[in-house]
Structure formats: C-alpha cells, structure tokens
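Just follow the structure's listing: the first ligand is 1, and inside any ligand the first atom is 1.
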Amino acid sequence: MCGIIGYTGHRPGVPVVVEGLRRLEYRGYDSAGVAFGLKGGLEVIRAKGKLAALEEKLAHEPVTLATTAMGHTRWATHGEPAERNAHPHRSNDGRLAIVHNGIIENFQEIKADLLGKGYVFHSETDTEVLVNLIAECRKSQPDLLKAFAAALRQAHGAYAVCLMDRDDPDTLLAARMSAPLIFGIGTGEHFVASDIPAFLPYTRQVIFLEDGDIVRCTAGDYAIMRLEDLAPVRHPVQTITWDMQAAQKGGYRHFMLKEIFEQPRVITDGLSGRVQDGKVCLPELDGLPVPERLHIVACGTSYHSGLWGRHLLENWAHIPVQVEIASEFRYRESLLLGKGDMVLVISQSGETADTLAALRIAREKGVPVLGLCNVVGSSIAREASAVILTQAGPEISVASTKAMCSQMLMLALMALYWGQRNDGDAAERARCLSLLESLPVLLGEALPAMHERARELSRKYAQARNFFYLGRGHCFPLALEGALKLKELSYIHAEGYAAGEMKHGPIALIDPAFPSLVLALDDELYPKVVSNMVEVKARQGKVIALCNTGREPDADDIWRIPALPSPLAGFMALPALQLFSYEMADYLGKDVDQPRNLAKSVTVE
Ligand code: AGP
C-alpha cells in the first residue's frame, strides 16, 4: 500500500503535502514525490528512498509559491523502488500528473492499446498507464472531469487517486475504489489523503469517501459525485477525535494490533489479479518448470509458513517438499541434486542474512530459486530466479503477523497453481479457490470476538512462566508460531510441540503451573489431539483448547473459533494465536511493537 495526499487552499501547498507524507510513511517508504503548479507549468519532483531524499531535492526548488499540490509515498507493487517508478506520474503530453494507491489489474491490456496509439512509457507502473489513459480519453472528451471518470470506468482493480492538470493547477480531482481515501474540509482549504494523520493538524472535519466516489475541489469549493454518471453524492461530515499518534495506527493501540486486523485486506489484496475464470494466475512461475522436489528454506515465522505450506503443496500439487531453517541449511552439504529441484526462500523483509545465504548456495549449485517476499526490490527479491510478492504492505511491528497470513495465502495459490499444471482435480481446486475468496469476510467477522476472548484468557494465564503450544498435522506449524509469538512478545517461555510427541519426554514437565494451549480444530486428527489433552490433564496440567464452534473438549478453558475446512483452518487459528500473545504482552506492559533484543530484519548471521 502507498500513501497519497492532495492539498488546495491558502497555504504554500508543498510543505503541507510533505508534512502529510511524513505522517503516511508507515504506509510505504520506497520513494516519494510531489507535484505542484508553477508559472503555467506542472512541476513534478521525485526521489527514491525515504522522504528525506525528496526534501533534499525540494530545498533547491521555489516550492512556496504554489497553494495547490499533491504527493505520494510508495510501497512498490509494480516496478522496483527507483525514481522512474516513483509517483507522481505524468501523461505523455505533460498536461496531467497523478498519484495512486492500489493496483490496476488490467493495466497490461490498457498499456498495449496505448502503445499501439503511440504512447511511450518511462516506468513499469500501472499508474503511468492510468494517467495516459485519462489523457487519451480527454481527446474525445475535453472536460477533464468526464475524461477522468471515463478512464476510471475502464480501469479494473483498486485505486485511490489524485489528479492535477497543468492548465487548471488550483483544482484537484480525486477518486477511490477499494482503497481508502478521506476528504478533509478546512477553512478555505481542502485535503484528500489515504489516511487521516496526513491532514489532522489542519482539520478534524472529514468525509470518508466511498467506493465509486469522485471529488473535484478547489480552495473554496468541492463536489462529490458518482463515478458512473457524475450525479451528486452526499456523505455526512464527521469530526475526528483521535490524537495524532493514535491516528497513524488507525486508532489501534499498536501497529501489531492494526496489522493483525489488516489480515482480511491482505487476503483480498493477495488474491487481486491472481484468480481468473476459476484458475490461479501466477505469471511469475510460468517460465519455471513445475518442481519435482521443493526445498523450502526460511527463518522464524517465515519458516513456520513453509512448514504449513508443505501440507498444501504435497496434497494439492503432489510435490515432495522438505522445509529447513536457513541457518542450518547453509552450513550443511544439502543434497540439492540440480535437475528437478527447486528452492523456495520465504522472507517478509527479503534481507534476512541466513535466508539470503541459502539462496546464493542454491544458485551456485544451479538450482532455480523462487523468492516469496513482501518487500519489492529487496536483496532476495532481486537475486531469486523469480519472485512472488505478497503485497501485504509494510509490516511495522517487529513481530510478524499479516506477513505470515500473506505467505500462507501465496503458498496455497502456488499449490493450486502447480496442481493445475499437474492436471490436478479441477473441482477440488474450484472448491479451494472459493474458500480462499470467502476468507476476508469470514475472518473480518470473527476478529472482534476473537480479540475479546484473547483478552480474557491472557489475563487468566498472565502468571504462567511456561507454556506449551500443541498441535498435529497442519496445526503443528501453527503451534510453533503461537509459541514464538508468546516468547518474543511477552518474554514467557513457550514451546511449540507436536502433540503426539509429548509422551516421548516433554510431558514430564507438565504440572499446574505449566499450561498448554492445544490446537484442536476440526480435522481427521481431532480425536488424537483430544487424547493428548486428556494425557496433559491427567497430570494436572491446565489446558486451553482452541477448537471450532460446537466442540466440547474436556479442557480448563475452551476457545471456540469459526470452523474452516482443513487445512485452510489455519487462517482462522493464526490471528487467535497472534491476539493471545498481543494481549498477554500488552497486559504485562511489554513493548509490543519493538520487543527487547529483536530487530525487524535480521541482516546479520
Ligand atoms: C517474527 O515474529 C520474527 N520477528 C522473526 O522470526 C522473523 O519472522 C524472522 O526473522 C524472518 O524474517 P523474514 O521473514 O523477514 O526473513
């Protein structure tokens, strides 16, 4: 996701916009840029990297003269972080500039049509295509508002956009579809922005624009219309009561909580453009053979994603998979045989040293390496033979949450994709795809109650100094992840264990002060897990049973969550585990977003 802001009013516009971008940097920081009207021209100034690089460039520009401006801070989705891909993007005729947050799914076909009409492109972005589509529409519809609307009706996907015209530099046009855009109403000034913090110091009067809204505004006037026919639209003006810091977290106490609740959108964004006519589209993989053996290599939470994904890759694509911790893989003579092997490295940051080392070892052995990353242009994304981007948006909290959700989604899509290339069961694939597409709504509905139950149980077990997390099958990796979250956030010792392994020694640890959180979801192993719970309770161990609605296992505390067909049930269990560790850490007064001793990306051995 990216951050956009537009301003028109009585102040110098560029400083207002730059300050707004600073408050939106949590949405992305690969590059930034501004546009503003000056002496009949439209100035566009952009810089790769954080906002400071742009400010350095602006220091030499006459930016105080313009009272209308717009800006963008980028989280790359199409095109690596580079100045040529930074927003704003101009139309070929130089008359228009646009900033955009979202993904235009059909930009390739629009681009092909425009190329045929003689347009040239200087970036790999979908945004530059959109601004030239508007210019093309303007040839037959000189009224820019109507040309803007005509172009947006052709664009499929998600967008929050702001547009400026060289010939009318004090007017802003803006629109939203499936991406946030808020309209700010000041005295003799107006704002559009991806999020409230961008203009909160200037006004608390806002209109939350809705999908299909188009806005035209100047310093003293504004109109909100419907995309399909430009009919006027009326929305209530609301007053924001948040303080600034809370606003950057969208009103959540911590970035971690915000990112846990972003998981429904992460799934929506991850599916965007990747399912067409009942088939999975992963063009990133089209040029690679279907692997005969897949070696997944990763660290921490990403390693747990890989362990979870193995079940789907083996069951849905019938590909033998082994999963290994990167720091182990890199120091043993792994039996990568070359032909038929593929290595998949999973890394949110794309910079984890051990995982990057594993990638380089595999490449030296001539084995194709697929990257699964969240950061465009990261070392792993650049050095892999091919890369799939999770598009989860920046993950600010050190504890990884939405990134794992996005990794699991991509692994499910990869399993279905390779399954369809291996002539897998089309009906089963259609059923799984339909389930994945239903996840965002199901998860969004379940999260509030899940959060409440996590809060209750965290208070009840806050005195524990040790915890077991137990699971079987696809719940075993989730048990490992739940334990990692509790450890790294609340500093309580927690151990994820295969439930069936307890009787081979660890059960000696069980006593009333050593509780177990047991993942007992509806699947073929449920009866076995119930037996393991009985074994723990028989030794006076306390048990929290994380199970599905309707179940009545014999446990000290039952935590019911909505059922999903195995193995996709992990998408519902994961946030429960995340919320439990979040509430425990917050209750114990820990630094939730930046736990002690940790870093967001471990770029050293
Ligand atoms: C996750 O909560 C941890 N902070 C950590 O284990 C992390 O998953 C690990 O360092 C791997 O990071 P990566 O995904 O960026 O490679």
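Applying the 6.0 Å contact sphere to CD of Q594 captures no more than 12 heavy atoms from other residues, nucleotides or ligands.
In terms of protein heavy-atom proximity, atom 11 (C) of ligand 1 is closest to C299 O, 3.5 Å. The protein heavy atom nearest to atom 10 (O) of ligand 1 is V602 CG2, 4.0 Å. Looking only at protein heavy atoms, the nearest one to atom 6 (O) of ligand 1 is G300 CA, 3.3 Å. Nearest protein heavy-atom neighbour of atom 14 (O) of ligand 1: S302 OG, 2.6 Å. Residue, atom and distance of the protein heavy atom nearest to atom 15 (O) of ligand 1 are S349 OG, 2.7 Å.
For ligand 1, the atoms lying closer than 4.0 Å to a non-hydrogen atom of V398 are 4 (N). Atoms of ligand 1 lying under 4.0 Å from any heavy atom of K485, numbered from 1 in the order shown and given with element: 1 (C), 2 (O). Taking a cut-off of under 4.0 Å to the non-hydrogen atoms of A399, the atoms of ligand 1 that pass are 2 (O). Counting atoms of ligand 1 from 1 in the listed order, those under 4.0 Å from a heavy atom of S400 are 1 (C), 2 (O). For ligand 1, the atoms sitting less than 4.0 Å from at least one non-hydrogen atom of T352 are 12 (O), 13 (P), 15 (O), 16 (O), numbered in the order shown with element in parentheses. Distances below 4.0 Å separate heavy atoms of T301 from the following atoms of ligand 1: 1 (C), 2 (O), 6 (O), 8 (O).
Relative orientation of the F467 and F580 rings is perpendicular, given thresholds of 30° and 60° on the angle between their planes.
A salt bridge does not link R74 to D30: none of the charged side-chain nitrogens sits closer than 4.0 Å to a carboxylate oxygen. By the 4.0 Å N-to-carboxylate-O rule, E292 lies close enough to K339 to be salt-bridged with it. A salt bridge does not link E456 to K460: none of the charged nitrogens lies less than 4.0 Å from a carboxylate oxygen. Contact check on D586 versus K590 returns no salt bridge, with no Lys/Arg side-chain nitrogen under 4.0 Å from an Asp/Glu carboxylate oxygen.
Aromatic pair F261/H451: ring centres closer than 6.0 Å.
By the 3.5 Å distance cut-off applied to N or O atoms, G350 is not counted among the residues near ligand 1. For a threshold of 3.5 Å applied to N or O pairs, the pair formed by Q348 and ligand 1 contains at least one separation below that value.
Only side-chain heavy atoms of E488 come within less than 4.0 Å of ligand 1; its backbone N, CA, C and O stay farther off.
In this structure, a donor-acceptor pair under 3.5 Å is present between the side chains of N532 and R472.
Remark: of the listed residues R453, R455, Q578, R455 is the sole one forming a side chain to side chain contact (heavy atoms under 4.5 Å, CB included) with E583.
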